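To find a chain, count down the sequence lines: A is the first, B the second, and so on, and within it residues start at 1. Fair warning: this is a prediction, and the values are worked out from it, not measured in the lab.
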Protein chains: 2
Amino acid sequence: MKTPNHSQANILKVLEQTKKPLSAQEIWAEIQKQGQKIGVATVYRNLESLKIKGLIQIRTVHNQAIYSLVSEKQNFATCLQCGERTPLGISLAQSVEAPTLQSQAFEVYYHTLEVFGLCSPCQERSP
Amino acid sequence: MKTPNHSQANILKVLEQTKKPLSAQEIWAEIQKQGQKIGVATVYRNLESLKIKGLIQIRTVHNQAIYSLVSEKQNFATCLQCGERTPLGISLAQSVEAPTLQSQAFEVYYHTLEVFGLCSPCQERSP
DNA sequence: TAATATCTGATAATGATTATCATTCTTTAA
DNA sequence: TTAAAGAATGATAATCATTATCAGATATTA
């Protein structure tokens with residue numbers, strides 16, 4: 001795994017500070033606001049690297065990538081329309097019962113348990 | 001829930017026939033290839049409707065939305081790099097052990113159990 | 001130190017998605 | 001049925017997040 005560089009450290013810092021998912025543009029603006037000089041391309045490039053390292057997570061809302069730290073909390077109810085994502089106060093073990101969430105004014109259509117990582121070919125591709 | 005129209009029926013048919021996730025552009029091309037006349041905008045509009053109805057699922061790979069029918073199989077290993085998504089031969093109950101997938105030449109970084117649907121405000125917003 | 005490889009910033013290019021708007025198809029009510 | 005109101009469609013222009021390019025800066029290696 002490559003050593004985290006300065007740009008990546010700045011990105012991680014911003015995500016830690018704001019404590020909420022941000023778009024690439026927002027991250028870019030925030031780093032600049034903090035006095036660091038950085039280009040958009042660099043932000044995108046390093047977000048990609050951080051993703052491949054498994055340090056940040058990405059989801060897409062309204063055709064825009066939203067980045068966040070990979071945290072312990074991984075159970076959410078995501079609205080298909082507005083994209084709002086509210087944490088579920090349940091553990092992974094309990095979450096198999098998630099569809100009972102119906103009672104919480106959230107209309108469940110489907111749920112997904114997804115494992116993210118690198119497949120074998122891609123592991124070789126990025127040493 | 002609105003009655004499914006002709007365009008939506010065509011989209012669903014294509015997804016059923018090809019049995020694999022497709023981009024909007026691919027769906028558009030396929031419907032046209034089958035002799036139906038349809039505009040891109042219509043494809044996008046109806047994909048959105050089908051999403052809100054919970055009939056199709058979306059994920060984003062390389063900055064492009066990929067659509068698929070909401071199926072029974074909801075356990076996948078997704079590669080962070082190439083986006084390849086291979087079904088896991090495990091049930092939801094078993095899947096809490098998914099991290100043991102390590103042994104399968106897939107390097108697991110994190111996993112997510114996500115529930116998709118409509119939040120309360122959005123339910124009222126789209127009758 | 002010099003040579004090589006990697007990273008960066010500015011900016012142009014790309015391309016998927018969305019907005020616009022005139023037209024066509026549907027539904028509703030008299 | 002028929003006319004008015006509403007919704008859906010298609011063609012195309014506009015948007016805008018992301019990516020490619022490339023010259024210069026920085027880091028690494030021998």
Self-check item: Degree of bending, the helix from C:dT1-D:dA30 to C:dA30-D:dT1 (end axes from five pairs; round to 10°)
Solution: 40°
Practice problem: In sequence, state the C-alpha distance, the side-chain angles, and the governing distance for B:K51 and B:Q57, and then conclude on side-chain hydrogen bond (donor to acceptor under 3.5 Å, both in side chains). | Solution: CA-CA 6 Å; B:K51 180 187 81 173; B:Q57 252 177 318; over 6 Å; no
Quiz prompt | Value in whole Å for how far the C1' atom of C:dT8 lies from CD1 of A:I11 | solution = 12 Å
Quiz item: Got a salt bridge between B:E30 and B:K33, using NZ or NE/NH1/NH2 to carboxylate O under 4.0 Å?
Solution: yes
Self-check item: Partners meeting side-chain contact (heavy atoms from CB on, under 4.5 Å) with A:S23 (sequence neighbours left out)
Solution: A:Q25, A:E26, A:Q64, A:I66
Name the atoms and distances for all side-chain donor-acceptor pairs under 3.5 Å in residues 12-19 of chain B, with sequence neighbours left out.
unit_1: B:Q17; atom_1: OE1; unit_2: B:Q34; atom_2: NE2; d: 2.7
unit_1: B:T18; atom_1: OG1; unit_2: B:V14; atom_2: O; d: 3.1
unit_1: B:T18; atom_1: OG1; unit_2: B:K20; atom_2: O; d: 3.4

Within the sub-3.5 Å range, which N or O atoms of nucleotides 23-26 of chain D have a protein N or O partner, and how far apart are they?
none

Exercise. With sequence neighbours left out, write down each residue that passes side-chain contact (heavy atoms from CB on, under 4.5 Å) with A:F116, or none if nothing qualifies.
Key: A:E114, B:T78, B:L80, B:Y110, B:T112
Quiz item: Counting distance only, does the side-chain N/O of A:W28 pair as donor-acceptor with the main-chain N or O of A:I38 below 3.5 Å?
Solution: yes
Quiz item: Can you find a heavy atom in the side chain of B:I58 that is under 4.5 Å from one in the side chain of B:Y67?
Solution: yes
Quiz prompt | Nucleotide C:dA16, atom P - distance to CH2 of B:W28 in whole Å | solution = 11 Å
Quiz item: Is B:L69 reachable from B:F76 through a run of I, L, V, M, F, W or Y residues, each pair having side-chain heavy atoms under 4.5 Å apart?
Solution: no
Exercise. Determine, for nucleotides 9-19 of chain D in 5'-to-3' order, which nucleotides have protein heavy atoms under 4.0 Å from the base (write B), from only the sugar-phosphate (write S), or from neither (write -).
Key: BBBB----SBB
Self-check item: Any B:V61 side-chain heavy atom under 4.5 Å of B:R59 side chain
Solution: yes
Exercise. Determine, using the 4.5 Å side-chain heavy-atom cutoff (strictly less than), whether A:V43 and A:L22 are members of one ILVMFWY cluster.
Key: yes
